[in-house]
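Just so it is clear, the model here is predicted, and its values are computed rather than measured.
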Amino acid sequence: MAYKSEHRRLSLLWRTTLVLTVCVLISQAFLYIWIQRSVNDHFEQMDSEILTHAAFNLRQYMTEVTSDDQPLTTLPTLLISLIQHHLW
């Protein structure tokens with residue numbers, strides 16, 4: 001009994017392998033999108049927290065500098081003093 005090529009089906013092993021491969025690819029795409037979105041949200045939150053903390057530190061430092069009556073005439077002078085204050 002000869003089989004015609006149009007009536008042939010893949011064996012159960014190959015059908016199972018194909019279905020599992022498609023399921024894994026869909027799962028990988030879903031996980032990639034989900035992790036990428038949560039990481040981006042996390043970094044946006046971290047950026048806002050860092051900026052808030054930096055603004056608080058700058059405001060606190062500026063009140064300390066002005067209370068010490070140290071004149072800061074230019075922005076580069078302020079930046080240099082901030083760097084020295086946090087590095088030492």
Side-chain angles (χ1 to χ4, degrees):
M1 191 191 242
Y3 289 105
K4 294 184 179 178
S5 63
E6 58 204 42
H7 295 295
R8 289 177 79 175
R9 293 191 334 180
L10 293 174
S11 69
L12 181 61
L13 175 66
W14 287 112
R15 284 184 282 166
T16 305
T17 304
L18 183 63
V19 168
L20 286 175
T21 302
V22 169
C23 289
V24 166
L25 290 176
I26 291 171
S27 299
Q28 290 290 322
F30 173 75
L31 287 173
Y32 175 79
I33 292 168
W34 181 42
I35 291 171
Q36 190 71 25
R37 194 173 69 187
S38 62
V39 165
N40 285 338
D41 292 343
H42 176 71
F43 281 132
E44 287 176 11
Q45 180 182 0
M46 290 292 292
D47 286 345
S48 66
E49 289 176 5
I50 289 170
L51 289 174
T52 303
H53 191 67
F56 175 77
N57 286 342
L58 179 62
R59 190 177 321 123
Q60 183 179 8
Y61 180 74
M62 290 301 292
T63 56
E64 289 174 3
V65 167
T66 55
S67 67
D68 292 341
D69 293 330
Q70 295 176 355
L72 293 174
T73 56
T74 62
L75 183 61
T77 307
L78 172 65
L79 292 175
I80 289 171
S81 63
L82 279 173
I83 291 170
Q84 289 174 346
H85 178 72
H86 287 287
L87 289 179
W88 306 116

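Atom CE of Met46 is separated from atom CG of Leu51 by 11.0 Å, given to the nearest 0.5 angstrom. Rounding to the nearest 0.5 Å places CG of Asn57 at 11.0 Å from OG1 of Thr52. To the nearest 0.5 Å, atom CG of residue Leu18 and atom SG of residue Cys23 are 9.5 Å apart. Taking CG of Asp47 as the start and NE2 of His42 as the end, the distance is 9.5 Å to the nearest 0.5 Å. In this structure, CD1 in Ile26 is found 11.0 Å from OG1 in Thr21, a value given to the nearest 0.5 Å.
A side chain to side chain contact (heavy atoms under 4.5 Å, CB included) with Gln36 holds for exactly one of Ile33, Asn40, Val39; it is Asn40.
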